[in-house]
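Scroll down for the structure; my scribbles are underneath it.
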Amino acid sequence: MAKNFTTRKENYAQWYNELVIKADLAENSAVRGCMVIKPNGYAIWEKMQSVLDRMFKETGHVNAYFPLFIPKSFFSREADHVEGFAKECAVVTHYRLKSAPDGKGIVVDNDARLEEELIIRPTSETIIWDTYKNWIQSYRDLPLLINQWANVVRWEMRTRLFLRTAEFLWQEGHTAHETKKEALEETEKILALYAGFAEQWMAIPVLRGLKSPNERFAGAVETYCIEALMQDGKALQAGTSHFLGQNFAKAFDVKFLTRENKQEYVWATSWGVSTRLMGALIMAHSDDHGLVIPPKLAHTQVVIVPIYKNKEQLDQISGKALQIKEALQAKGITVKYDDRDTHKPGWKFSEYEFKGVPVRLALGPRDMENNTIEIARRDTLEKQIRPAGTIAGEVERVLEDIQKNLYTKALAFREANSHKVDSWEAFKNILDDKGGFIYAHWDGTAETEQKIKEETRATIRVIPLDAEPEEGKCVYSGKPSAGRVVFARAY
RNA sequence: CGGGGUGUAGCGCAGCCCGGUUAGCGCGCGUCGUUCGGGACGACGAGGCCGGGAGUUCAAAUCUCCCCACCCCGACCA
């Protein structure tokens with residue numbers, strides 16, 4: 001057990017905050033609401049980026065980069081969009097500073113006021129659609145499948161490292177299509193891609209579905225999302241994929257000539273995942289001993305710790321440790337051999353455990369004598385003494401097993417915390433008792449959703465895509481319902 | 001942005017009510033020695049404009065006001 005570390009049971013929110021700080025993932029910065037992502041945290045994000053980037057490219061997308069600043073007038077072009085983001089935009093009004101008249105410090109030069117203020121992008125639809133207008137003339141220019149990796153700013157009142165920060169990193173895909181059908185297919189394709197990434201790489205099972213109108217992206221016709229369940233029973237939206245219809249094409253006048261030589265507005269999608277995925281990853285798997293990272297996203301998958309009394313012993317052990325390191329690297333496994341003399345083995349054990357390194361190998365005098373090695377896995381904290389000769393193959397299998405085990409555990413947790421509920425009493429009781437996903441009937445109205453939110457703080461997380469139609473009565477209003485939706489309290 | 005709380009060494013805290021020696025304690029940090037299979041032990045040592053600013057006072061970590069940051073609870077949101 002790590003020293004001075006709050007357990008999940010004691011205080012889940014505090015456990016998360018301490019974990020992020022103590023595992024050196026990120027910290028608060030001098031700027032309110034903005035975080036510094038530290039090397040340990042950034043390495044995981046980089047790994048996520050590289051996997052997602054490859055997936056985007058494999059599905060025909062290319063990367064580009066659009067400006068950080070957006071002219072204010074662009075924002076007002078799409079009514080829902082501006083309304084959705086207006087309250088959280090940072091605005092640039094001046095372009096110059098000058099020395100203060102009293103000689104102390106520096107002030108904004110009021111003579112350098114911008115004629116048109118610039119918004120720091122909270123998302124890039126407007127600047128991108130203004131640009132696409134010039135790129136699209138004919139159906140031959142379609143589809144346009146572009147992604148960008150960028151930072152965005154949303155001026156949040158209440159922030160938490162990774163989960164909600166004023167500035168965050170993300171990717172945003174923006175595509176243009178000839179037909180509605182094609183755009184819808186793109187939206188669904190990306191949703192599947194996100195779900196696959198969450199499940200196969202992050203080892204987090206996700207629900208796939210549609211957002212209710214209340215939760216829909218400002219400016220979208222339909223928002224698809226993947227939704228994950230955290231260990232405290234709260235839901236976390238892990239990725240969104242929007243079908244934008246022709247809303248932005250109309251707002252920015254993006255028309256193309258069809259095969260029939262007719263002018264038509266293009267069909268659009270946009271989709272994104274952010275550094276919030278880091279929060280999901282941390283909260284899905286970690287425990288009271290610290291961080292747990294699925295092997296496929298760990299920057300260091302294996303650490304080797306030597307145990308020795310003197311230099312001769314260390315030299316002998318190092319020889320063997322380096323052989324094992326090479327054998328592991330030959331299998332594509334990332335390994336760190338920690339022969340620092342400045343920390344003791346026990347200290348290193350605790351440290352790597354807390355930082356979530358999936359597999360630890362320990363090699364000491366006893367192992368040298370018996371030709372063995374100790375292998376410890378982070379997910380179950382099990383330790384075993386194994387023959388040293390075949391350890392590389394064994395580590396490879398253990399890493400695969402950890403990846404699988406984390407997913408299985410997370411899935412079992414979700415299943416144990418998903419409930420079909422038909423009465424309003426039960427609905428409230430489950431929420432207050434243990435949280436989780438609640439499958440309940442809903443009459444389909446925004447009013448009911450709002451009322452439920454006001455009374456319980458729970459919202460509709462998804463309208464599941466694969467749900468079987470089921471006649472029922474709304475859990476709140478008693479009015480007829482065509483199927484169950486998923487409620488939860490959410491991050 | 002509303003309500004509550006907290007800012008004292010890198011981290012965790014005591015001191016503050018009731019103003020007055022040189023501001024303490026634990027962990028961590030440095031040197032040396034003994035240790036090394038789950039966060040070792042001893043000796044010596046370094047480290048503070050007491051969150052920032054303004055006031056009250058002979059005197060402020062301590063009292064008053066303003067600001068800033070963080071945490072919790074709401075509203076808003078990925």
Side-chain angles (χ1 to χ4, degrees), chain A residues 1-6 11-14 16-18 21-22 27-35 83-89 122-123 152-172 194 211 214-218 223 225-228 235-242 270-280 289-290 305-311 313-314 317 339-355 360-370 372-376 381 383 385 453-454 457 459 461 490-491:
Chain A
M1 174 80 66
K3 283 181 183 173
N4 306 320
F5 184 47
T6 305
N11 187 334
Y12 191 84
Q14 195 180 335
Y16 174 82
N17 291 338
E18 284 181 17
I21 300 286
K22 292 187 176 179
E27 62 187 36
N28 285 302
S29 70
V31 184
R32 183 194 187 112
C34 294
M35 63 180 163
E83 199 186 324
F85 286 104
K87 284 168 298 196
E88 49 187 23
C89 285
T123 179
V152 289
V153 168
R154 296 180 189 175
W155 211 262
E156 298 292 346
M157 290 301 148
R158 198 172 154 188
T159 59
R160 287 186 78 189
L161 294 172
F162 291 121
L163 296 173
R164 173 164 295 110
T165 47
E167 178 193 18
F168 57 90
L169 306 183
W170 78 345
Q171 58 69 216
E172 47 181 326
Y194 284 159
K211 282 296 185 195
N214 273 351
E215 301 278 323
R216 195 180 283 154
F217 175 73
T223 288
C225 70
I226 54 170
E227 200 79 18
L236 188 136
Q237 179 176 301
T240 48
S241 182
H242 313 291
S270 69
W271 29 272
V273 295
S274 72
T275 36
R276 187 178 228 207
L277 288 180
M278 293 287 296
H289 299 265
V305 177
I307 296 154
Y308 58 94
K309 290 196 199 302
N310 52 52
K311 176 105 175 33
Q313 242 174 25
L314 174 61
I317 290 168
D339 62 349
R340 286 177 301 171
D341 194 31
T342 51
H343 296 283
K344 297 183 52 183
W347 189 92
K348 293 177 187 173
F349 290 176
S350 301
E351 183 72 3
Y352 290 115
E353 186 170 289
F354 195 83
K355 295 198 169 156
R360 182 190 75 230
L361 298 174
L363 200 54
R366 282 210 300 272
D367 295 305
M368 297 304 284
E369 232 169 79
N370 305 329
T372 56
I373 190 162
E374 184 189 84
I375 176 168
L381 298 170
K383 285 194 292 197
I385 307 290
K453 185 178 175 184
E454 280 163 17
R457 285 176 23 241
T459 49
R461 302 319 303 158
Y491 277 95

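Keep in mind that what you see is a predicted model, and the values were worked out from it rather than measured. By convention in this document, chain letters (A, B, ...) are assigned in the order of the sequence lines, proteins followed by strands, and residues within each chain are numbered from 1. Atoms considered below: every heavy atom in the structure, side chains included; atoms not considered: hydrogens, waters and symmetry mates.
The nearest whole Å value for the distance from the NE2 atom in H343(A) to the C1' atom in A40(B) is 14 Å. The CD-C1' distance, from Q313(A) to C36(B), rounds to 9 Å in whole Å. The nearest whole Å value for the distance from the NE2 atom in H289(A) to the C1' atom in G39(B) is 14 Å. A straight line from NZ of K344(A) to P of G37(B) spans 5 Å, rounded to a whole angstrom. Distance R32(A) CZ to C67(B) P: 13 Å, rounded to the nearest Å. Look at CZ on F5(A): it is 19 Å from P on G28(B), rounded to the nearest Å. Counting to the nearest Å, the P atom of C11(B) and the CD atom of Q14(A) are 16 Å from each other. Between W347(A) atom CH2 and C29(B) atom P the separation is 8 Å, expressed in whole Å.
Classification of E351(A) and K344(A) as a salt-bridged pair fails, no side-chain N sitting under 4.0 Å from a carboxylate O.
In this model, the phosphate group of C70(B) is not approached by any side-chain N or O of R158(A) to a distance below 4.0 Å at OP1 or OP2. Contact annotation: R457(A) reaches the phosphate of G74(B) (side-chain N/O to OP1 or OP2, under 4.0 Å).
For G38(B), the base has a donor-acceptor partner in the side chain of R360(A) [N/O atoms by modelled type, under 3.5 angstrom]. In terms of polar N and O atoms assigned as donor or acceptor, the side chain of K383(A) comes within less than 3.5 Å of the base of G38(B) in a complementary pairing.
Judged by distance alone, the side chain of Y491(A) and the main-chain N or O of R164(A) form no donor-acceptor pair under 3.5 Å. Under the 3.5 Å distance criterion, the side-chain polar atoms of Q171(A) are matched with a main-chain donor or acceptor of V273(A). When atom types are taken as modelled, the side chain of Q313(A) and the backbone of K309(A) share a donor-acceptor pair closer than 3.5 angstrom. At least one donor-acceptor pair closer than 3.5 Å links the side chain of K348(A) to the backbone N or O of R340(A).
Atom C1' of G20(B) sits at a distance of 13 Å from the matching atom of A61(B), rounded to the whole Å. Annotation: G12(B) and C72(B) have their P atoms spaced 15 Å apart (nearest Å). G51(B) sits 9 Å from G7(B) when the P atoms are compared, rounded to a whole Å. Atom name P, nucleotides A43(B) and U56(B): the rounded distance is 49 Å, in whole Å. A9(B) and G4(B) have their P atoms separated by 27 Å, with the value rounded to a whole Å. If you take atom C1' in G37(B) and the same atom in C49(B), they sit 48 Å apart, rounded to whole Å. When the P atom is compared between G19(B) and C58(B), the two are found 15 Å apart, to the nearest whole Å.
C32(B) is paired with G42(B) under the criterion used here, namely a Watson-Crick or G-U wobble arrangement in which both key atom distances are under 3.5 Å. C16(B) is unpaired under the Watson-Crick or G-U wobble criterion, no partner having all donor-acceptor distances under 3.5 Å. Under the Watson-Crick or G-U wobble criterion, with both distances below 3.5 Å, G26(B) is paired with C11(B). Pair check for A60(B) finds none; no Watson-Crick or G-U wobble contact set falls under 3.5 Å. Taking a pair to require two hydrogen-bonding distances under 3.5 Å in either a Watson-Crick or a G-U wobble arrangement, C1(B) pairs with G74(B).
As judged by a 4.0 angstrom heavy-atom cut-off over every strand, L236(A) is placed among residues making no nucleic acid contact. Residue contacts for N310(A): at a heavy-atom cut-off of 4.0 Å it reaches no nucleic acid atom on any strand shown. At a threshold of 4.0 angstrom between heavy atoms, the contacts of T342(A) with the nucleic acid are absent. Within 4.0 Å of G279(A), counting heavy atoms only, lies no atom of the nucleic acid at all. Nucleic acid contact for Y491(A): none, since no nucleic acid atom lies under 4.0 Å from a heavy atom of the residue. Across all strands shown, A238(A) has no heavy atoms under 4.0 Å from either base or sugar-phosphate atoms.
Each of Q237(A) and V31(A) was matched to the nucleotide of RNA chain B holding its nearest heavy atom; the match closer to the 5' end belongs to V31(A). Judged by closest nucleotide on RNA chain B, S29(A) is the one of F217(A) and S29(A) placed further toward the 5' end.
The side chain of E156(A) lies closest to C77(B), out of G38(B), C77(B), A75(B). Listed nucleotides: C1(B), C72(B), C71(B). Nearest to the side chain of N28(A): C71(B). For P365(A), counting side-chain heavy atoms from C-beta on, the closest listed nucleotide (A75(B), G37(B), G39(B)) is G37(B). The side chain of S350(A) has G38(B) as its nearest neighbour among C77(B), G38(B), C36(B). When each of G37(B), G39(B), C71(B) is scored by its nearest atom to the side-chain atoms of N17(A), the top-ranked nucleotide is C71(B).
For the side chain to side chain donor-acceptor pair (under 3.5 Å) test, residues two or more places apart in sequence or in another chain that qualify with R216(A) are E222(A). A search for side chain to side chain contact (heavy atoms under 4.5 Å, CB included) contacts involving N11(A) returns T6(A), A13(A), Q14(A), not counting sequence neighbours.
Ring geometry for F354(A) against F5(A) counts as perpendicular: the plane angle is over 60°, on a 0 to 90° scale with 30° as the lower cut.
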